[in-house]
Structures are given as structure tokens and as C-alpha cells.
Amino acid sequence: MDSIHVQGGRSLSGEISVQGSKNAVLPIMAAAVLVKGVTVLKNCPDITDVRCMIKLLQSIGCLVEYTGDSLMIDARQITSHTLPHEYVKKMRSSIILMGALLGRTGKVALNYPGGCIIGKRPIDLHLEAFAEMGIRIEQTDEKLEAAAHRIRGNEICLRMASVGATENVILAAVLAEGTTILKNAAREPEIAALCDFLIRCGAGLYRSAKGDVIVIEGVRALHSCEYRIPFDRIVAGTYLFGTMAAGGNICLRDICADQLGQVLAVIRIMGGNVVCTRDAVCLQAPSRPLPVPYVRTAVYPGFPTDLQSPLMAALCRADGHSLLEETIFENRLRIVPELRKMGAQIMVNGRQAKIEGTGCLCGACVKAEELRGGAALVMAGLAAQGETVIYGREFINRGYEDIRRDIVSLGGSLFYEETEGPSQKGDEAETE
Ligand code: UD1
């Protein structure tokens with residue numbers, strides 16, 4: 001099991017550029033399947049989830065080349081509509097290939113991806129929407145097959161503004177017959193990125209000003225294009241909360257502050273001094289953060305569930321008590337026992353966590369069980385006195401290109417250690 005060693009107790013300072021977004025690149029890679037041509041994605045983050053999506057694309061016949069930060073996907077030939085379970089089970093977001101394969105070939109087969117450590121994660125909304133588009137679905141306990149002679153546009157209103165279901169409907173609708181009107185669509189910036197990409201490929205796609213209604217007029221074909229993946233707002237938020245935990249003064253470049261609205265609002269309540277320019281966010285953290293009376297996670301533009309654990313890590317050092325509520329995933333307070341090992345005082349009641357700030361955390365051996373919780377433990381380690389060892393680095397690698405590179409550039413002290421032995425659930429536990 002690979003580990004990360006953090007020497008804590010020193011503040012962060014400096015300037016870094018933020019990597020491309022995981023949650024934007026994965027659906028856009030899936031969307032490339034709809035293009036009978038060549039897609040080039042720039043600023044593609046080198047994370048294990050992207051590597052897994054490459055394997056999935058290759059398994060259905062795409063030719064893929066990854067050079068530097070440029071990913072070329074040649075989807076002129078699609079040779080299979082079956083997604084290999086080996087990769088589907090590794091990465092739950094492989095289900096967004098369903099909409100893309102249905103749109104391109106009219107059929108898809110896969111083994112059901114199952115739940116994951118942060119929650120049950122059903123896909124009922126995806127399947128209901130597909131059914132409304134005339135797609136037949138056959139399910140057994142393990143297997144899922146969907147097919148349509150012709151996918152038909154329809155008016156669909158999602159019961160919940162699910163990110164994945166929104167993406168799947170868009171992907172299935174782009175080459176469908178007629179018009180799809182998707183209501184209560186997710187409004188996350190990654191949906192906007194997917195729509196931008198598809199529009200550049202020639203899709204007939206329109207988003208309402210608020211983003212909650214998406215109209216898709218089916219077109220006959222899409223054409224090749226080159227697209228730059230936008231910055232990862234969750235990685236940016238992780239480093240901002242890391243700085244709030246450890247103290248310091250950092251500047252994140254190549255990012256758009258508008259996408260961090262609620263995150264920056266919370267940081268300001270915590271006493272952070274934030275200055276935004278056109279493409280950068282600079283933060284001067286207080287020596288000890290102020291507590292926040294109450295923060296709940298919510299769909300965009302609310303506070304992102306993916307930053308709940310990094311925020312919790314920072315609040316452990318606050319001067320007073322804070323209350324966090326997780327409303328999106330039922331099992332996402334899993335880092336609490338690990339933070340307690342570092343001296344944090346946290347009480348959990350259902351989906352709420354009450355955090356009694358302590359002046360300092362202390363280094364300990366802790367275990368990452370999922371991506372964002374793992375990164376949050378690294379942030380807590382930066383704020384702790386002494387050494388923190390975080391096991392389960394493979395989870396963090398799913399979404400952070402190189403957390404060591406970034407933190408060391410910001411003056412933090414951190415190194416990786418490779419350890420012999422079986423990796424911890426790395427094969428089966430999907431995180432996001
Ligand atoms: C995406 C993000 C993930 C983020 C999440 C919420 C990617 C690759 N992952 O995940 O990082 O944490 O959005 O912002 O983009 N639900 C149902 N039925 C469904 C679908 C979802 O009940 O058919 C529920 C889920 O269990 C969850 C909630 O809706 O409680 C939100 O899920 P969803 O928005 O679909 O998240 P993902 O697309 O899986």
C-alpha cells in the first residue's frame with residue numbers, strides 16, 4: 001500500500017497552476033465516442049481515473065494517444081458496445097459511457113457498477129430518463145443491457161438534479177431523433193464544459209441562463225474538434241482549505257473564481273483574505289481559522305460535497321465549534337475517525353458533524369478510504385505537528401495529478417513511499 005508522509009506545522013506559500021478537471025474530462029472523453037472523427041483534449045489531467053477511461057475507450061475500439069497533457073481520441077471505428085467489468089468496477093463514472101454508446105451504436109451492455117464507499121449511488125434516474133427516450137432496458141442482479149432501434153427526444157424532468165444522469169441524457173440525446181428538453185438538469189460547471197465541447201462538435205444544444213433546462217436538438221453527426229479542459233475547482237478548493245488549515249499565503253493560477261462562489265464565501269467567514277483576479281485566486285490565511293456556524297453541502301451553486309472533507313480538516317483547527325451537514329451522499333463523513341487519531345474533536349450525529357476546533361492537530365498514521373477524504377487527510381497533515389503518514393495513496397491519485405508536486409511547490413514537506421503488499425481495496429472501491 002503506497003503512503004504519503006507529511007511533515008506538518010509549516011505554513012504554505014507560493015503560486016501554482018491548477019490541473020484540469022477530473023469531473024469535466026471524464027464525460028468529455030465519453031462524449032468523444034459520439035464523434036466519428038478525432039477529438040483532441042488539451043490540459044488533460046494525468047490521473048488514474050483518466051487512465052481507466054482510456055482503457056474503456058480502447059476496449060470499445062477507440063484509438064487513444066496521450067502525449068504531455070494532450071489526449072487524442074480517434075473514435076472513427078467503434079467495435080464493441082460491451083464495457084469490460086474489469087474497468088467498470090474500478091471507476092463508477094464509467095456509466096457515463098452508457099449514454100455515449102447508446103447515442104453512437106444504439107446499444108450498451110455492462111455489469112452493474114454497484115455502490116461505493118461514500119454511498120449506495122443508484123442509477124435509477126439515468127435508467128428512467130433512458131426509458132423515456134424509447135430505450136429498452138434489461139436488468140438482472142449483475143447485468144445491465146440497453147438498446148434502442150431509434151432514440152427519441154422527449155421532455156424529461158429529473159426528480160433530482162443528478163450530475164451523472166444529466167450527462168447521460170445529454171449524451172444519448174445529441175444524435176437522437178427529435179428534440180429533448182431536460183428539466184431540473186444539474187448545473188455544475190462540468191455540465192457546462194460538456195455542453196461547450198459538444199456545441200463545438202456541432203451539437204444542437206442550448207442551456208437556459210440558470211442552466212437547469214437544457215434543450216438538445218438531435219443532429220445527424222458530430223465533427224472533430226480540439227478542446228481545452230477547464231481547471232479542477234475541487235483540487236483548487238482542496239489547496240485553499242489546506243492553506244486555511246496550515247496557514248500561509250498562496251496564489252492559484254489558471255482558475256475562474258466564479259466557480260468557487262460558496263467555497264470562497266466560507267473561506268471569508270473563516271477569516272481568509274481572498275483576492276480574485278481574472279484567472280487567479282490568492283488567499284492569505286489567518287494564523288488560526290474562525291469557526292463556521294453551519295455549512296451544508298448542496299448541488300451547484302451550493303457548497304460542493306467533494307470539498308466537505310477538506311473543509312472539515314481546516315475546521316479542526318478553528319477557534320471554536322462548527323457544524324457541517326452532508327446532504328448529497330449518505331456515507332461521506334468517513335474521515336472523522338482518522339481525524340480523531342490526529343487529535344480532532346468531532347461528534348457525528350447522522351449526517352451532521354460538530355467540530356470542536358483545537359489549536360493544533362498532531363501527526364498520526366491514518367488511512368484514506370476514498371479520494372477527497374484522502375486529500376483532506378493530507379491537508380490535515382500539513383496543519384499537524386510532526387509527521388502524518390497517509391496510507392491509500394492510490395485513492396488520491398484518482399483525482400490529483402501529483403499532490404506532492406503541488407504541495408512541495410507551495411513550500412510544504414511531503415514525500416511518497418512505495419510499500420510492498422496488496423493494495424487496499426484499490427481494485428473495487430470507486431469514490432466519485
Ligand atoms: C458527480 C461527481 C462527484 C460529485 C457528485 C455530486 C463526477 C465523475 N462525479 O457524481 O464528484 O460528488 O457529482 O456533486 O462527475 N442519485 C440517485 N439516483 C441516480 C443518480 C444519483 O439517487 O440515478 C443520487 C446519488 O445517490 C447521490 C445524489 O443523487 O446521493 C447525487 O448524485 P450525482 O449528482 O448523480 O453524482 P455523480 O454523478 O455520481
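In listed order, ligands and their atoms are each counted from 1. Heavy atoms only: backbone and side chains are in, while hydrogens, waters and symmetry mates are out.
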**Prompt:** Taking N or O atoms only and a 3.5 Å limit, does N23 qualify as a polar contact for ligand 1?
**Reply:** yes
**Message:** Contact between ligand 1 and E190 is defined here as a heavy atom of the residue under 4.0 Å from a ligand atom; is it met?
**Reply:** no
**Message:** For the 3.5 Å polar cut-off, considering only N or O atoms, please tell me whether F329 and ligand 1 meet it.
**Reply:** no
**Item:** Minimum side-chain heavy-atom gap M379-F241 below 4.5 Å
**Value:** no
**Residue portion contacting ligand 1 (non-hydrogen atoms closer than 4.0 Å) for T305** = side chain
**Message:** If you measure every N or O of I328 against every N or O of ligand 1, does any of those distances drop under 3.5 Å?
**Reply:** yes
**Prompt:** Which atoms of ligand 1 sit under 4.0 Å from any heavy atom of R332?
**Reply:** 12 (O)
**side chain to side chain donor-acceptor pair (under 3.5 Å) evaluation trace for Y416 with D402** = CA-CA 10 Å; Y416 293 157; D402 191 345; 2.9 Å; yes
**Request:** Answer side chain, backbone, both or neither: which part of S93 comes under 4.0 Å from ligand 1, heavy atoms only.
**Result:** side chain
**Request:** Can you figure out which of S21, P122, A129, P27 has its heavy atom closest to atom 20 (C) of ligand 1?
**Result:** P122
**Request:** Return the orientation label for the Y400 and Y239 ring planes: parallel under 30°, perpendicular over 60°, tilted otherwise.
**Result:** tilted
**Under-2.5 Å SG separation for cysteines C282, C251** = yes
**Request:** Measure from NZ or CZ of R296 to the centre of the six-membered ring of F303 and say whether it is under 6.0 Å with the direction within 45° of the ring axis.
**Result:** no
**Request:** Any atoms of ligand 1 less than 4.0 Å from a non-hydrogen atom of G164? List them with their elements.
**Result:** 35 (O), 38 (O)
**Message:** Please work out, at 4.0 Å between heavy atoms, whether the side chain, the backbone, both, or neither of V299 comes within that distance of ligand 1.
**Reply:** neither
**Fill in**
atom 29 (O) of ligand 1: of E167, M160, E188, the nearest heavy atom sits on M160
**Request:** Any chance you could measure N168, atom CG, to L97, atom CG, to the nearest 0.5 Å?
**Result:** 8.5 Å
**Message:** Please report whether ligand 1 has a polar contact with A165, defined as an N or O pair separated by less than 3.5 Å (distance criterion only).
**Reply:** no
**Message:** As an exercise, identify every atom of ligand 1 less than 4.0 angstrom from a heavy atom of I123.
**Reply:** 19 (C), 23 (O)
**Prompt:** Do M72 and V64 have side chains that get closer than 4.5 Å, going by heavy atoms?
**Reply:** no
**Prompt:** Does any non-hydrogen side-chain atom of I346 lie less than 4.5 Å from one of E356?
**Reply:** no
**Asked** Within the side chain of T297, is there an N or O that forms a donor-acceptor pair under 3.5 Å with the backbone of T305?
**Response** no
**Prompt:** Any idea which part of D306 is under 4.0 Å from ligand 1, heavy-atom wise: side chain, backbone, both or neither?
**Reply:** side chain
